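On a predicted model such as this, the values are computed, not experimentally measured, just so you know. Note that the numbering runs from 1 along the sequence shown for the chain. Remember, it's 1-based here, ligands and their atoms both numbered in the order they're listed.
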Amino acid sequence: MQNEILPVVIIGCGPAGVSASIFLSKQSIKHIVLERQKFPRDKICGDGFSGKTCFVLRKANTAYLDEIFEQKEDYLPTHGIRFSAPNSKFIDIPFPVVDHIKSKALGFTAKRIVFDDFMFRKAKTTSANIIENATVNSIIKNESGYSIHYHLPDRKELIINCSMIIGADGDKGISKKVLMKQNVLNRSAAIGLRAYYKNVKPLPNTNFIELHFLKEVLPGYFWIFPLPNGDANVGIGMDAAIARKKKVNLRESMLHAININPLIKDRFTNAVLTDKIYGWGLPTNDDAALISGDNFLLTGDAASLIDPFTGEGIGNALYSGMLAAEVAGKAIFANKFDATFLKAHYDDVLYKKIGHELQLSKTMQKLINYPWLMNFIINKSYKSISLQNTISSMFTDLDLRAHLKKPSFYWNILMNK
Ligand SMILES: Cc1cc2nc3c(=O)[nH]c(=O)nc-3n(C[C@H](O)[C@H](O)[C@H](O)COP(=O)(O)OP(=O)(O)OC[C@H]3O[C@@H](n4cnc5c(N)ncnc54)[C@H](O)[C@@H]3O)c2cc1C
């Protein structure tokens, strides 16, 4: 193994790594995936899966989504979203019915321990050698690419040489630290907490996810994502710099809101916390930072691709993994692994696809700093079906979402246009 040079090694087997592996296997490219943990493994998350996740799953295999929607005890289809403003007014927005999905929901919720294990099992192919319990502890550049040093639980160090690394080891992984030396990608990170509850009183509109901009948790947001079997993923997210500056104790803020907020406290009367409350970082990247270089590509959280407004990162992790596999195929075919080639085929293509969306979300994130503006929009949309429909369409239509940047959007709402 030590003298062999593999074309590609993937570090990490979360959504980004698993997607890269599945799409490399589709091209019959042999590769190794090194994963620190053993599946099934948990990941702190809101457990909400958007339309982008469904898009990549359909590209991977048209049967995957059918399998998912059939497993009703593990997956819950999402049919809409409830938004509430700091003044406790809320709107329920059903997701638009998207033609190509036919009767399927636009997204779903599921515990990550379940979904990630489902994907891990799908990635097991003759082209993929997935090594669990393998922790990468150093990545060293050499003439032909990289040598990757990793150890198994017996602490014995092993080395693999490869032409190219796909870094998919998340926010706290080694790829980002070593390959992007100044760690520029971590600047605008947010932080979040996840708590699993049972028996949170559900909404009358079944299967809506809920984003609450409660005054008790501003400038953060609080979510309730219903899960199968009467479970719910409850959490809070906030810009990390603000949380540090204001010395916010996120756990206390979240529990305080659950205990006193008039909109939600009654729904927690019989609720039981079923697990510890865990926290984790949400790395965001709204300035199209470089995420490739000589002999490497970064994907998912390792590339800080989380949407700064919604906190969604699974869709972009899967999408970037898919693209990274395609680019690896091109690089192997052309025998070109240099930074210029990889940037042109990876960064430029990825940001063309999702850069605009990330920037818009950054703008929307700023809305959280103006509670009066959120109150105003929710108040108005409470009374206007057409405004509710506009907001609903913003989930799938980026051109519509771009209106949020224009003063005329707010002016038209004010004038009831
Ligand atoms: C509180 C919270 C709520 C969130 N809610 C949502 C949500 O509802 N919807 C959504 O879409 N996104 C959400 N996200 C974001 C989402 O969790 C991430 O964007 C997503 O997990 C990124 O996938 P990934 O594959 O890039 O990284 P990860 O899922 O973190 O996977 C990385 C993998 O790399 C492995 N690894 C790490 N270091 C090493 C190493 N040295 N050697 C080998 N392997 C290693 C890890 O064990 C892990 O399996 C949330 C995040 C947080 C923190």
- Message: Does the structure place the NZ or CZ of R82 under 6.0 Å from the centre of the six-membered ring of F90, at an angle of no more than 45° from the ring's axis?
- Response: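 Yes, R82 sits over the ring of F90.
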
Are any of the side-chain heavy atoms of [X] and [Y] separated by less than 4.5 Å?
| X | Y | result |
| --- | --- | --- |
| L34 | I160 | yes |
| P226 | L76 | yes |
| L214 | I264 | yes |

From [atom1] ([X]) to [atom2] ([Y]), nearest 0.5 Å:
| X | Y | atom1 | atom2 | answer |
| --- | --- | --- | --- | --- |
| K43 | D171 | NZ | CG | 7.5 Å |
| E216 | K265 | CD | NZ | 10.5 Å |
| I291 | F296 | CD1 | CZ | 9.5 Å |

Distance under 4.0 Å to a non-hydrogen atom of [X]: what atoms of ligand 1 satisfy this?
| X | result |
| --- | --- |
| G300 | 26 (O) |
| R41 | 29 (O), 31 (O), 48 (C), 49 (O) |
| G281 | 53 (C) |
| L34 | 43 (C), 44 (N) |
| T135 | 42 (N) |
| L282 | 50 (C), 51 (C), 52 (C), 53 (C) |
| G192 | 1 (C) |

Considering only heavy atoms, which of [options] lies nearest to [atom]?
| atom | options | value |
| --- | --- | --- |
| atom 6 (C) of ligand 1 | S304, C45, P15 | C45 |
| atom 15 (C) of ligand 1 | I306, V178, T53, I139 | I306 |
| atom 5 (N) of ligand 1 | G46, G311, G17 | G46 |
| atom 39 (C) of ligand 1 | T310, I314, D169 | D169 |

Taking the non-hydrogen atoms of [X], is any one of them nearer than 4.0 angstrom to ligand 1?
| X | value |
| --- | --- |
| R194 | no |
| A168 | yes |
| G279 | no |

Ligand 1-proximal atoms of [X], by part, heavy-atom distance under 4.0 Å:
| X | value |
| --- | --- |
| R36 | both |
| K172 | neither |
| A134 | backbone |
| D171 | neither |
| F225 | side chain |

R41 and D116: salt bridge (Lys or Arg N to Asp or Glu O under 4.0 Å), yes or no, with the steps?
-> CA-CA 8 Å; R41 66 103 180 86; D116 287 20; 2.7 Å; yes

Q.
Given S292, which partner from the list T299, D347, L298 fulfils the side chain to side chain contact (heavy atoms under 4.5 Å, CB included) test?
A.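 Exactly one option meets the side chain to side chain contact (heavy atoms under 4.5 Å, CB included) with S292, and it is D347.
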
key: Passing candidate, side chain to side chain contact (heavy atoms under 4.5 Å, CB included) with F222, options I258, N261, L263   =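 The single option meeting the side chain to side chain contact (heavy atoms under 4.5 Å, CB included) with F222 is I258.
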
I need the nearest protein heavy-atom contact for [atom]: residue, atom name and distance, please.
| atom | result |
| --- | --- |
| atom 22 (C) of ligand 1 | D301 OD1, 3.2 Å |
| atom 28 (P) of ligand 1 | K43 CE, 4.0 Å |
| atom 27 (O) of ligand 1 | G170 CA, 3.7 Å |
| atom 47 (O) of ligand 1 | E35 OE2, 2.6 Å |
| atom 40 (C) of ligand 1 | V136 N, 3.8 Å |
| atom 25 (O) of ligand 1 | A16 N, 2.9 Å |
| atom 31 (O) of ligand 1 | G14 CA, 3.5 Å |
| atom 17 (O) of ligand 1 | R112 NH1, 3.1 Å |

| message | More than 12 heavy atoms of other residues, nucleotides or ligands under 6.0 Å from NZ of K336: yes or no? | response |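 No - once you tally the heavy atoms of other residues, nucleotides and ligands closer than 6.0 Å, there are 12 at most.
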
I'd like to know whether NZ of K201 has more than 12 heavy-atom contacts from other residues, nucleotides or ligands below 6.0 angstrom.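 No - once you tally the heavy atoms of other residues, nucleotides and ligands closer than 6.0 Å, there are 12 at most.
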
Looking at Y64, F120, F49, which one forms a ring-ring contact (aromatic ring centres under 6.0 Å, His included) with F115?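 Single ring-ring contact (aromatic ring centres under 6.0 Å, His included) partner of F115 among Y64, F120, F49: F49.
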
Fill in: Listed once per pair and sorted, the salt bridge (charged side-chain N to carboxylate O under 4.0 Å, His left out) pairs that draw on residues 308-328, sequence neighbours left out
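Non-adjacent pairs meeting salt bridge (charged side-chain N to carboxylate O under 4.0 Å, His left out): zero.
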
Inset, instruction - Hey, could you give me each pair passing ring-ring contact (aromatic ring centres under 6.0 Å, His included) that has a residue in residues 246-265? Not counting sequence neighbours. - result: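 The answer is none; no pair qualifies.
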
Between I174 and ligand 1, is there a nitrogen or oxygen pair with a distance under 3.5 Å?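 No; the residue has no nitrogen or oxygen that sits under 3.5 Å from a nitrogen or oxygen of the ligand.
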
Margin query: Below 3.5 Å, N or O to N or O, backbone or side chain included: is there any such pair between F39 and ligand 1?
Written below: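 No - when backbone and side-chain N and O of F39 are compared with those of ligand 1, no distance drops under 3.5 Å.
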
Do N316 and K52 have side-chain atoms, one donor and one acceptor, less than 3.5 Å apart?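 Checked: N316/K52 side chains pair up, N/O donor to acceptor below 3.5 Å.
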
